[in-house]
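Have a look at the structure below, then the notes.
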There are 2 protein chains.
Amino acid sequence: MCERPHRCHARFRNFGYKLTLPRKVILDVLRKAKKHLSAEDIYLKVYKIYPHVGLTTIYRTLEILTNIGMVKRYDFGDRRARYELVSETREKHHIHLVCLNCCKIIGYSDFTDEEIKIFDSLKENLSEKNSFDIKYHQFSYHGLCNKCK
Amino acid sequence: MCERPHRCHARFRNFGYKLTLPRKVILDVLRKAKKHLSAEDIYLKVYKIYPHVGLTTIYRTLEILTNIGMVKRYDFGDRRARYELVSETREKHHIHLVCLNCCKIIGYSDFTDEEIKIFDSLKENLSEKNSFDIKYHQFSYHGLCNKCK
DNA sequence: TTAAGTGCAAATATTTTGCAATGAG
DNA sequence: CTCATTGCAAAATATTTGCACTTAA
């Protein structure tokens with residue numbers, strides 16, 4: 001979806017939002033990072049390219065991006081949200097390994113067919129049993145990374 | 001583990017902590033609620049029984065309880081932590097359904113043997129591939145509950 | 001031209017900390 | 001008795017909002 005800037009920008013514009021310089025820079029930072037950045041991480045990176053930017057704009061842009069589904073927001077338990085650009089190439093089943101000590105985050109989506117089948121049927125099951133309209137899921141494993149253990 | 005007050009209290013004392021009145025009341029509230037309460041939820045419930053309590057004490061007690069493994073802390077994305085007493089009777093695989101609108105939380109642990117097998121092997125796999133020492137996991141599905149959809 | 005977008009400062013919300021007073025063991 | 005625990009007030013942290021100025025389309 002957002003591998004190349006034009007696509008990324010076009011998609012944003014298609015939702016009726018103006019493509020301003022701060023937003024361009026935020027999208028570029030997200031596209032390059034492809035990691036789980038906090039609002040402040042993004043602010044600091046954007047600041048280097050475009051120092052006039054305010055943290056408010058980062059939050060407001062992230063909210064838009066989250067709402068239109070271009071960005072996914074995660075809460076890994078350290079009381080600050082982290083954001084990741086959604087990519088078409090990324091698997092829809094996606095798990096995070098979070099280090100309890102250094103907060104390093106590893107993404108994993110290399111699932112077997114069997115695992116995917118189970119995930120899908122579980123979701124189906126949960127939707128039905130609880131009459132929930134499930135929009136997305138968030139799976140994470142928490143522990144200590146190789147450096148911290 | 002904490003079905004009965006004495007057990008619950010004894011276990012707490014066994015970790016070398018003094019069993020004070022505020023802590024007793026907090027444990028009782030947690031034991032009765034068996035839901036996912038925020039610090040403030042707990043504060044309000046404790047306040048009814050023991051109005052002299054301060055919110056600080058709630059936070060400090062919850063930190064202790066989380067550290068000694070009697071309580072599990074969750075971040076469901078609404079920027080406030082929620083706490084749940086860990087019970088021996090509760091399944092070790094435990095998933096939450098979170099309503100994006102009203103924040104209602106449903107716990108689910110009625111898994112098939114096949115599902116449990118997959119979860120266990122996945123965890124094993126992730127530990128090895130990333131040399132992570134996995135302590136716990138947190139799986140949640142997010143969507144709209146029957147009332148909100 | 002003009003509504004959408006911006007930065008700043010101030011507000012909010014949640015959680016944490018310093019400190020003197022208190023109370024469990 | 002003595003040190004862990006407490007409540008209060010203040011601080012810290014992350015995020016949101018009001019408002020006048022700016023800018024993309």
Side-chain angles (χ1 to χ4, degrees), chain A residues 5-6 8-29 36-68 70-71 73-83 103, chain B residues 5-6 9-27 29 36-68 70-71 73-83 103:
Chain A
H6 355 332
C8 206
H9 295 171
R11 186 167 151 79
F12 187 78
R13 231 191 293 251
N14 284 345
F15 274 95
Y17 294 108
K18 290 182 183 172
L19 192 53
T20 62
L21 184 51
R23 289 177 176 178
K24 253 184 216 154
V25 180
I26 292 168
L27 278 166
D28 287 354
V29 163
H36 305 78
L37 301 175
S38 69
E40 205 189 345
D41 292 338
I42 296 166
Y43 171 71
L44 291 173
K45 282 176 191 285
V46 171
Y47 189 88
K48 281 188 197 158
I49 303 165
Y50 178 61
H52 189 51
V53 79
L55 190 51
T56 312
T57 302
I58 309 290
Y59 277 108
R60 283 193 277 228
T61 304
L62 286 170
E63 207 202 333
I64 291 172
L65 290 168
T66 306
N67 287 341
I68 66 179
M70 282 178 72
V71 157
R73 208 189 105 167
Y74 294 98
D75 278 83
F76 291 124
D78 66 341
R79 225 163 271 117
R80 74 174 66 189
R82 284 164 198 274
Y83 303 85
C103 219
Chain B
H6 355 330
H9 294 171
R11 186 168 152 78
F12 187 77
R13 230 190 294 252
N14 284 345
F15 275 96
Y17 294 107
K18 290 184 182 170
L19 192 53
T20 61
L21 184 50
R23 289 175 175 180
K24 254 184 218 156
V25 180
I26 291 168
L27 278 166
V29 163
H36 305 79
L37 301 175
S38 68
E40 205 190 345
D41 292 338
I42 296 167
Y43 171 70
L44 292 173
K45 281 175 191 286
V46 171
Y47 189 88
K48 280 188 197 157
I49 302 165
Y50 178 59
H52 190 51
V53 79
L55 190 52
T56 312
T57 302
I58 309 290
Y59 278 108
R60 283 194 277 229
T61 305
L62 286 170
E63 206 201 335
I64 292 172
L65 290 169
T66 306
N67 287 341
I68 66 180
M70 282 179 71
V71 156
R73 207 188 106 169
Y74 295 98
D75 276 83
F76 291 125
D78 65 341
R79 221 161 275 115
R80 73 174 68 189
R82 285 164 198 274
Y83 302 85
C103 218

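Within every chain, numbering begins at 1; the chains are lettered A, B, ... in the order of the sequence lines, protein sequences first and strands thereafter. Every value quoted in this text rests on a predicted model; they were computed, and no experiment measured them.
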Using atom [atom1] of [X] as one end and atom [atom2] of [N] as the other, report the distance to the nearest whole Å.
X	N	atom1	atom2	result
B:Asp41	C:dA13	CG	P	15 Å
A:His9	D:dA25	NE2	P	12 Å
A:Lys24	D:dA24	NZ	C1'	9 Å
B:Leu62	C:dT15	CG	P	10 Å
A:Ile58	D:dT16	CD1	P	13 Å
B:Glu40	C:dT12	CD	P	15 Å
B:Asp75	D:dT13	CG	C1'	14 Å
A:Leu37	D:dA14	CG	C1'	16 Å

(request) Apply the test side-chain contact (heavy atoms from CB on, under 4.5 Å) to residues B:Leu65 and B:Leu27: give CA-CA distance (whole Å), side-chain angles for both, the deciding distance (0.1 Å), then the verdict. (result) CA-CA 9 Å; B:Leu65 290 169; B:Leu27 278 166; 3.8 Å; yes

(request) Look at the side chain of A:Pro22 and decide which nucleotide, out of C:dT6, D:dT5, D:dA14, has an atom nearest to it. (result) C:dT6

(message) Heavy atoms from C-beta onward define the side chain here; which of D:dT13, C:dG5, C:dT15 lies closest to that of A:Arg23?
(response) C:dG5

(request) Determine whether the aromatic ring centres of A:Phe15 and A:Tyr17 lie less than 6.0 Å apart. (result) no

(message) Using a 4.0 Å heavy-atom cut-off to protein, can you give one letter per nucleotide of nucleotides 16-25 of chain C, 5' to 3': B if the base is in contact, S if only the sugar-phosphate is, - if neither?
(response) BBB----BBS

(message) Do B:His52 and B:Leu21 make a side-chain contact, defined as non-hydrogen atoms from C-beta onward lying under 4.5 Å apart?
(response) no

(message) Side chains of A:Lys24 and A:Tyr50, heavy atoms from C-beta outward: is any pair under 4.5 Å?
(response) no

(request) May I have the step-by-step check of side-chain contact (heavy atoms from CB on, under 4.5 Å) for B:Phe12 and B:Ile64, ending in yes or no? (result) CA-CA 9 Å; B:Phe12 187 77; B:Ile64 292 172; 3.8 Å; yes

(message) Set out, in order, the CA-CA distance, both residues' side-chain angles and the distance that settles side-chain contact (heavy atoms from CB on, under 4.5 Å) for B:Val29 and B:Leu37, then state yes or no.
(response) CA-CA 10 Å; B:Val29 163; B:Leu37 301 175; 4.2 Å; yes

(message) Nearest heavy atom decides the nucleotide; on that basis, is B:Ser38 or A:Gly16 closer to the 5' end of DNA chain C?
(response) A:Gly16

(message) Listing request: all salt bridge (Lys or Arg N to Asp or Glu O under 4.0 Å) pairs with a residue in residues 73-82 of chain A, at least two apart in sequence or in separate chains.
(response) A:Arg73-A:Asp75, A:Asp78-A:Arg82

